[in-house]
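Letters go in sequence order (proteins before strands), and every chain restarts at 1.
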There are 2 protein chains.
Amino acid sequence: MSVPVTIRDVARAANVSAATVSRTFVRPEIVDASTRERVLGAAARLDYRPNRAAQTLITGLTGNIGIVVPDLTNPFFPSVVRGVQNQAAELGYPALLVDTGEDADRESELVTRLARQVDGLVLCAARMSDQDLIAHQRQCPIVLINRQVPGLPAVTFDNEGGVRQEVTHLKALGHQRIGYVAGPGTSYSSRVRQRAVTAHLATAGLTEVPVGSFAPSFEGGRSAAEKVLLADITAVMVYNDVMALGLINQLAQYGISVPNDLTVIGFDDIEFASMSNPALTTVRIPREQAGAQAMSYLHALMTTTGSVPEPPAQLRTELIFRGTSVRAPLNQRSAE
Amino acid sequence: MSVPVTIRDVARAANVSAATVSRTFVRPEIVDASTRERVLGAAARLDYRPNRAAQTLITGLTGNIGIVVPDLTNPFFPSVVRGVQNQAAELGYPALLVDTGEDADRESELVTRLARQVDGLVLCAARMSDQDLIAHQRQCPIVLINRQVPGLPAVTFDNEGGVRQEVTHLKALGHQRIGYVAGPGTSYSSRVRQRAVTAHLATAGLTEVPVGSFAPSFEGGRSAAEKVLLADITAVMVYNDVMALGLINQLAQYGISVPNDLTVIGFDDIEFASMSNPALTTVRIPREQAGAQAMSYLHALMTTTGSVPEPPAQLRTELIFRGTSVRAPLNQRSAE
DNA sequence: TACAGTAATGATTACGTTTTCATCCAAGCG
DNA sequence: CGCTTGGATGAAAACGTAATCATTACTGTA
């Protein structure tokens with residue numbers, strides 16, 4: 001807006017060359033203490049701030065990182081974003097956040113556009129194809145969250161362990177016939193969880209009763225209600241919390257009360273899982289931690305030249321036993 | 001990463017000067033159709049994309065806009081952000097989103113840093129002082145959402161109208177003694193709503209029973225429960241939905257059932273207001289629309305030189321009558 | 001036919017930095 | 001005392017683009 005003060009203005013005020021001013025900021029240790037002080041003083045007095053565009057032009061570094069999420073209104077993502085942003089701030093990077101609206105093509109296009117304006121990218125639950133992802137990786141360092149692609153670094157959650165805990169929990173409560181309300185088959189974690197459910201129920205000697213695939217929304221959960229009612233089960237595991245809450249809500253319309261008439265378990269532990277009544281039994285996923293870890297690793301990728309650092313580990317999940325899961329009714333309880 | 005292709009590479013490939021290539025992109029109409037096609041072809045073949053930093057350096061325009069929010073995990077903001085981002089995308093701008101963590105100082109600092117990297121800024125529920133806000137305005141065009149400062153363009157909600165509808169609703173239901181659970185006094189909209197509550201209850205001839213100020217969180221709502229119980233009221237208006245849900249949750253611990261024993265009304269109409277059981281009666285605020293409108297106005301501000309366009313209007317609010325409000329018990333009903 | 005006017009293009013400069021290269025001076029050493 | 005070494009600094013080039021200015025060719029008119 002007002003008068004832009006450049007490095008030369010500072011140089012003139014401090015009675016040095018522009019190069020020295022630049023050095024004062026970039027590598028302070030190689031400029032004499034007295035001149036350094038003089039430059040810093042002049043810069044402060046003139047309220048000088050370096051022009052980012054000029055720096056970027058010559059160094060090739062933007063000093064920004066980018067975050068891409070499918071849908072900010074999905075309660076899963078804000079905490080991931082917060083984790084990334086906090087860590088990014090810690091490292092001195094502002095974070096460019098983009099919402100793709102769950103559209104794979106738009107996602108790919110936005111990543112292309114973003115790649116030029118950032119030094120690195122964190123992609124949450126990326127929807128695009130493996131090939132596209134790999135192609136983008138050559139434009140700019142990328143770290144994935146909650147998605148696995150061969151060759152790309154990723155922070156993932158131990159979905160499988162979470163499901164195992166769910167199954168153990170249900171078995172301990174004496175449930176035998178257990179329904180599973182799946183998310184969309186196009187979703188990576190939905191596929192992973194579905195597979196784990198089948199595997200663990202089998203090894204636990206329990207009966208899996210597939211209820212079907214539904215949209216990962218409150219409405220999606222609602223629309224699963226009738227099929228759940230017809231399934232002849234005492235407990236149901238749901239792909240995620242939002243769907244579980246929708247399911248419970250709709251079941252109430254049918255006069256079915258949770259947990260008295262049916263045990264329900266969600267997944268994710270979103271904020272509202274603990275606020276609903278009864279509070280939802282679910283599997284906690286360290287979302288904020290995932291964001292922070294992805295950012296840390298991205299930073300390592302961006303700074304270390306050549307040698308690739310240790311890839312991030314899989315994050316632990318944890319069953320949170322709350323109010324929507326209870327012991328199976330006596331007459332339908334499994335032998336223990 | 002790979003080989004950066006510059007405007008000169010395209011120029012050579014298309015057998016024209018760099019200037020012509022630039023013109024082809026910036027002002028296509030002034031270059032001959034045949035050469036234009038040749039340039040475009042060469043650019044596409046080489047996968048040329050202009051260097052944003054170089055453009056910024058010379059034009060002074062970044063092509064980005066910024067959004068600042070106090071807390072992304074607060075369900076109020078994601079939809080505002082989405083509104084801004086959609087509109088921004090429509091206008092061809094990527095949006096740089098920053099979360100300030102509810103910290104006024106950090107907010108101010110982030111705005112300063114951001115100002116250099118964007119062409120305009122949307123500030124949601126800004127926490128910093130009026131003076132700081134005004135100071136920042138000279139660095140970069142700013143549009144406020146949900147905050148009013150003399151001299152700054154702002155998109156605001158008709159809080160007052162919303163409160164009026166609440167009061168009318170409660171009066172129609174026959175309530176007489178009505179509690180108000182306020183938010184923090186430091187919050188702009190909290191102050192506005194508190195004032196409106198007092199005014200409208202008075203003109204409606206109803207009795208206001210102040211319950212006190214609490215944190216605008218689920219926990220804050222919970223901690224208001226005891227005072228609500230002691231207030232001898234049949235209905236309570238709460239500063240926002242999250243608090244209202246917390247209040248209802250804690251009341252249940254005391255054996256108080258909503259709406260049978262007490263009518264509760266929230267404010268904001270967050271997603272979960274309709275998902276809770278019973279669904280929350282509340283005042284809907286067009287958050288996404290606010291974001292879109294702020295972005296539109298910001299764009300107008302950025303493009304029109306000199307003459308200031310019409311400032312955005314106040315957005316209409318609407319009472320949503322759901323399950324937590326019912327007719328007052330007969331013995332305590334007001335004369336009608 | 002000559003000339004003004006205009007459309008299209010090329011050459012050049014400017015944007016604000018970082019970085020390379022050159023310069024200067026003082027200190028250390030034989 | 002002369003030469004080398006190295007630390008501190010300045011001069012200048014470079015980054016990739018947009019904009020200004022200059023040049024060319026062409027069109028229409030008197």
[N] phosphate, OP1 or OP2: any side-chain N/O from [X] under 4.0 angstrom?
{"X": "Thr6(A)", "N": "dG16(C)", "value": "no"}
{"X": "Thr20(B)", "N": "dG10(C)", "value": "yes"}
{"X": "Gln55(B)", "N": "dT17(D)", "value": "no"}
{"X": "Ser22(B)", "N": "dA18(D)", "value": "yes"}
{"X": "Thr35(B)", "N": "dT9(C)", "value": "yes"}

- Task: Would you please say whether a donor-acceptor pair under 3.5 Å links the side chains of Asn64(B) and Gln117(A)?
- Result: yes
- Query: Going through the checks in order, is the side chain to side chain contact (heavy atoms under 4.5 Å, CB included) test met by Val111(B) and Met128(B)?
  - Reply: CA-CA 10 Å; Val111(B) 167; Met128(B) 73 182 90; 3.9 Å; yes
Taking [atom1] from [X] and [atom2] from [N], how many angstroms apart are they, rounded to a whole number?
{"X": "Leu61(A)", "N": "dA14(D)", "atom1": "CG", "atom2": "P", "result": "21 Å"}
{"X": "Asn15(A)", "N": "dA8(D)", "atom1": "CG", "atom2": "P", "result": "18 Å"}
{"X": "Ile7(A)", "N": "dT18(C)", "atom1": "CD1", "atom2": "P", "result": "5 Å"}

- Note on the structure: Checking dG16(D), dA11(D), dT17(C) against the side chain of Leu57(A) (C-beta onward), the nearest is dG16(D)
- Taking only the side-chain heavy atoms of Val31(A) (C-beta and beyond), determine which of dT17(C), dT9(D), dT17(D) contains the nearest atom. dT9(D)
- Fit a plane to each ring of Tyr48(B) and Phe25(B), take the angle between them on a 0 to 90° scale, and name the class: parallel (under 30°), tilted (30 to 60°) or perpendicular (over 60°). tilted
- Message: Tell me the closest heavy-atom pair linking Arg287(B) and Ser79(B), and the distance in Å.
- Response: NE-OG, 2.9 Å
- The single option from Leu91(A), Ile67(A), Asp119(A), Val122(A) that satisfies side-chain contact (heavy atoms from CB on, under 4.5 Å) with Leu298(A) is Val122(A)
Might you list the N or O atoms of the protein lying below 3.5 Å from N or O atoms in nucleotides 20-24 of chain D, with each pair's distance?
none

